[in-house]
Undergrad: 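Have a look at this one before I ask anything.
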Protein chains: 2
Amino acid sequence: MKKKEARITIKDIAKALNLSAATISRVLSNHPAISESTKKIVNDKVKEMGFSLDPIASSFRSKKTKSIGVICPRIDIDFHSKVISGIEEYAYKQGYQITIFQSHDSYIKETEIVQMLENSLAAGVIICPGLETKRYEHLKKLGKSNIPLVLYDRTSEQLKASKVIINDFEASYNATVHLIQQGCKNLAHIAGNQNVDIFKSRLTGFKKALEQYKLPFQEQFVKETKNLTYEEGKEAAEALLLNTSIPDGIVCANDYTAAATLKVFRNNGIAIPEKAAIIGFSNYPISSILEPQISTIDDSAYEMGLVAAKILIQQIEDKEMQVLDYQEVIIKTKLIVRGSSDRKQN
Amino acid sequence: MKKKEARITIKDIAKALNLSAATISRVLSNHPAISESTKKIVNDKVKEMGFSLDPIASSFRSKKTKSIGVICPRIDIDFHSKVISGIEEYAYKQGYQITIFQSHDSYIKETEIVQMLENSLAAGVIICPGLETKRYEHLKKLGKSNIPLVLYDRTSEQLKASKVIINDFEASYNATVHLIQQGCKNLAHIAGNQNVDIFKSRLTGFKKALEQYKLPFQEQFVKETKNLTYEEGKEAAEALLLNTSIPDGIVCANDYTAAATLKVFRNNGIAIPEKAAIIGFSNYPISSILEPQISTIDDSAYEMGLVAAKILIQQIEDKEMQVLDYQEVIIKTKLIVRGSSDRKQN
DNA sequence: TTTTTTAATGCAAATGTTTGCATGATTTTT
DNA sequence: AAAAATCATGCAAACATTTGCATTAAAAAA
């Protein structure tokens, strides 16, 4: 009968060194009141015995965890998986773990998850709210429970919280200006769901550029899609071709719809970029593989995650010193000019 | 001075109902020795007061958590993000949370993560081992700590543990046979890193098909790449074209290299699929967007995650009844025939 | 009715760590 | 040299829950 291998505890270290458990605990949290000499002795013993704190007991007592909840609509979307990659990377380095949830854009599930994170004392939460989310009470409650919060990508004016976004307006404006500079005069836009702020901004940026350059804005040259899928892109592009005049520049709200437009236009004998220039959004892998490669906006998803984690952890750790305040970071996007819009090189 | 909003505990419920904390606890875990009548009374009160158990205190006392550690090389790879999506979906439904880590294929980081999961009493672990991982002591240790383990995608004979894989050998064999049936005689293979079992199997499946159909295997028709990137694919395809005879069928170990091959061959005036048929692997989004669409093998990543979670949770919950045994599940792949290899429709 | 069995609940300990307060030792100030 | 200040450490309580064992009440058996 071997007795069950019991976990080494702080008390074992204490006993071995004739010190109190309190002292060991203080050494481990680098408490200033402990002398350097005992710190060394304890740390050596800790290493020797291969001890490490029981994080659960620790959380239980201190009412703090090292776990960050991340909620996104779905993680098998290139953009989100990149953001999460950035979050994980930074969080891990700072000693935090990330726990991931998919809301599938369901408001009910989102509230459920938030509730559970609150209940399990998450150190902080990073969220990209779902499409259905119009009310933010669940997130406000987090604030009341003193759990820091960072929103990314989709945000809301309604909520006083830290945010990491790209400037969709500006990015879309820049994309449009780029096409104008390539000589396009009849510009079209394949838009995302207009209930979503970021897609609304992309449309606004598009309009703004037209206005600025005194080009006409034509309602029938804007095609809204629901989910910006490749299939919807095809339909939108085909719809554009039904107009009496055909656009010579198409600003697409993502790369799938841009890829679809490329295909449809080509199939209809419209040379890209000579007769029509196309630019997408997000810099998906496909955009650099298609022929011609598709110009796009790089949305710096990985960096967005990195920054979100950074802001969040800062807030978590500043919380004790009561310097809680919100930041809004706008990640720089980059215009990537490729074959689908670059007329000079042709 | 309002007093700090304290958490509602099991004791508050007990007091309110003139019962003991023990009883409340038992109701909450549906203990058989509690009468139905008190169960109802307690449950009602719990709802009324909006109480829920403190998961940390609960874990602390019971030495069990509801958290599953997931380790993958990186999550911003389409395949892994799909697997994780499947894991999350199933785990969430069963009341488990998933905590995600990226090993970046580093053995050291991998052991570090496993160690930490062990230390934090993970309920179970799902892992796709990194490329550097040749020894499995860290994972064996998990078993000794009684933490169930499921490997996915990359596995090893060395380790006695549950596994979820696709039959790469068979999938690659089927892909090759498909090309042969399209009339290809000179088959080439663009291979993945041959230190990785799954890529080795894809090569073996390729060879097996040639043998079976009595076609010659030519060493110079196999090009190994390190990471199966689009760029490497281009180099490999160009290298293939340097041979005196040019292959008329190319089995690629993933869709990026297939896409690259498609481009290189076309640029060299080789009609696809007429002069050369191409098939990829994994069914990445690009494969259905390129023109022609690329035939491929769907690796059912989402399902793989689902199954991995299912097996793991089963093990976690059976652990108490000591029925611990290992399962190996082979997920069915699906041959997807598209324009890059379908000669009949042309 | 008395005894035995069964059912339902309570008692109290135990989990590993943190932390306010107390204490003792040492150093500095007067 | 005494008093005051500083430094390093220990004591013990507290955290919310679970669970083995004990207890009481009710039901069944004798």
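Each chain gets a letter, A, B and so on, in the order the sequences are listed, and its residues count up from 1.
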Undergrad: May I ask you to say what I56(B) touches in the nucleic acid, namely base, sugar-phosphate or nothing, with a heavy-atom cut-off under 4.0 Å?
TA: nothing

Undergrad: Over how many whole Å does the gap from I8(A) atom CD1 to dT15(C) atom P extend?
TA: 16 Å

Undergrad: Just checking L19(A): base, sugar-phosphate only, or nothing, at a heavy-atom cut-off of under 4.0 Å?
TA: sugar-phosphate

Undergrad: So, K109(A) and E112(A), do they make that salt bridge, N to O below 4.0 Å?
TA: no

Undergrad: Tell me, please, which residues at least two apart from R154(A) pass salt bridge (charged side-chain N to carboxylate O under 4.0 Å, His left out).
TA: D105(A)

Undergrad: Do the side-chain N or O atoms of T9(B) get closer than 4.0 angstrom to the phosphate oxygens (OP1, OP2) of dA16(D)?
TA: no

Undergrad: Taking any heavy-atom pair under 4.0 Å as a contact, classify K11(B): base, sugar-phosphate, or nothing.
TA: base

Undergrad: Heavy atoms only, 4.0 Å cut-off, all strands: where does L53(B) land among base, sugar-phosphate and nothing?
TA: sugar-phosphate

Undergrad: Look at the side chain of T65(B) and the backbone N and O of A123(B), then say whether any donor-acceptor pair between them is shorter than 3.5 Å.
TA: yes

Undergrad: Taking the six-membered ring for Trp, does F60(A) stack with dC15(D) (centroid gap under 5.5 Å, planes within less than 30°)?
TA: yes

Undergrad: What string of B, S and - do you get for nucleotides 19-24 of chain C, 5' to 3', if B is base contact, S is sugar-phosphate-only contact and - is no contact with any protein heavy atom under 4.0 Å?
TA: BBB---

Undergrad: Is T38(A) touching bases, backbone alone, or none of the nucleic acid, heavy atoms closer than 4.0 Å?
TA: sugar-phosphate

Undergrad: Under the side-chain hydrogen bond (donor to acceptor under 3.5 Å, both in side chains) test against S85(A), which residue among R74(B), H80(B), Q102(B) passes?
TA: Q102(B)

Undergrad: Begin from the C-alpha positions of I10(A) and F51(A) and carry the test side chain to side chain contact (heavy atoms under 4.5 Å, CB included) through to its verdict.
TA: CA-CA 8 Å; I10(A) 222 172; F51(A) 164 82; 4.3 Å; yes

Undergrad: Atom CD in Q94(B), atom CG in L312(B): separation rounded to 0.5 Å?
TA: 11.5 Å

Undergrad: Among residues 112-122 of chain B, which residues get a heavy atom nearer than 4.0 Å to DNA chain D?
TA: none

Undergrad: Hey, are the side chains of I147(B) and L117(B) touching, using non-hydrogen atoms and a 4.5 Å cut-off?
TA: no

Undergrad: Parallel, tilted or perpendicular, judged at 30° and 60°: which one describes the rings of Y152(A) and F79(A)?
TA: tilted

Undergrad: Between S58(A) and dT18(C), is there a contact of a side-chain N or O with OP1 or OP2 at under 4.0 Å?
TA: yes

Undergrad: Can you list the steps and then say if L159(B) with T155(B) is a side chain to side chain contact (heavy atoms under 4.5 Å, CB included)?
TA: CA-CA 8 Å; L159(B) 192 62; T155(B) 64; over 6 Å; no

Undergrad: Just by distance, with hydrogens left out, do E89(A) and H104(B) show a side-chain donor and acceptor under 3.5 Å apart?
TA: yes

Undergrad: Could you go through K40(A) and D44(A), starting from their C-alpha distance and side-chain angles, then the distance that decides it, and tell me whether this counts as side chain to side chain contact (heavy atoms under 4.5 Å, CB included)?
TA: CA-CA 6 Å; K40(A) 173 148 178 42; D44(A) 286 353; 2.8 Å; yes

Undergrad: Give the intermediate values and the outcome of side chain to side chain contact (heavy atoms under 4.5 Å, CB included) for residues R7(A) and N119(B).
TA: CA-CA 10 Å; R7(A) 179 179 196 116; N119(B) 195 239; 2.8 Å; yes

Undergrad: Which atoms of nucleotides 5-7 of chain D (N or O only) lie under 3.5 Å from a protein N or O atom, and what are those distances?
TA:
none

Undergrad: Tell me what N18(A) touches on the nucleic acid: a base, only sugar-phosphate, or nothing, going by heavy atoms under 4.0 Å.
TA: sugar-phosphate

Undergrad: What is the separation between atom CD1 on I10(A) and atom P on dT15(C), rounded to the nearest whole Å?
TA: 15 Å

Undergrad: Could you state the CZ-P distance from R7(B) to dC15(D), rounded to the nearest angstrom?
TA: 13 Å

Undergrad: Quick one: pull up CG in N43(B) and CG in N30(B) and give me the separation to the nearest 0.5 Å.
TA: 8.5 Å

Undergrad: What bend angle does the helix from dT1(C)-dA30(D) to dT30(C)-dA1(D) show across its length, from five-pair end axes and to the nearest 10 degrees?
TA: 40°

Undergrad: Looking at S162(A) and Q327(A), would you say the former's side chain and the latter's main chain have a donor-acceptor pair under 3.5 Å?
TA: yes

Undergrad: I'd like to compare against my own output: the B/S/- annotation of nucleotides 22-27 of chain D with a strict under-4.0 Å heavy-atom distance to protein.
TA: ------

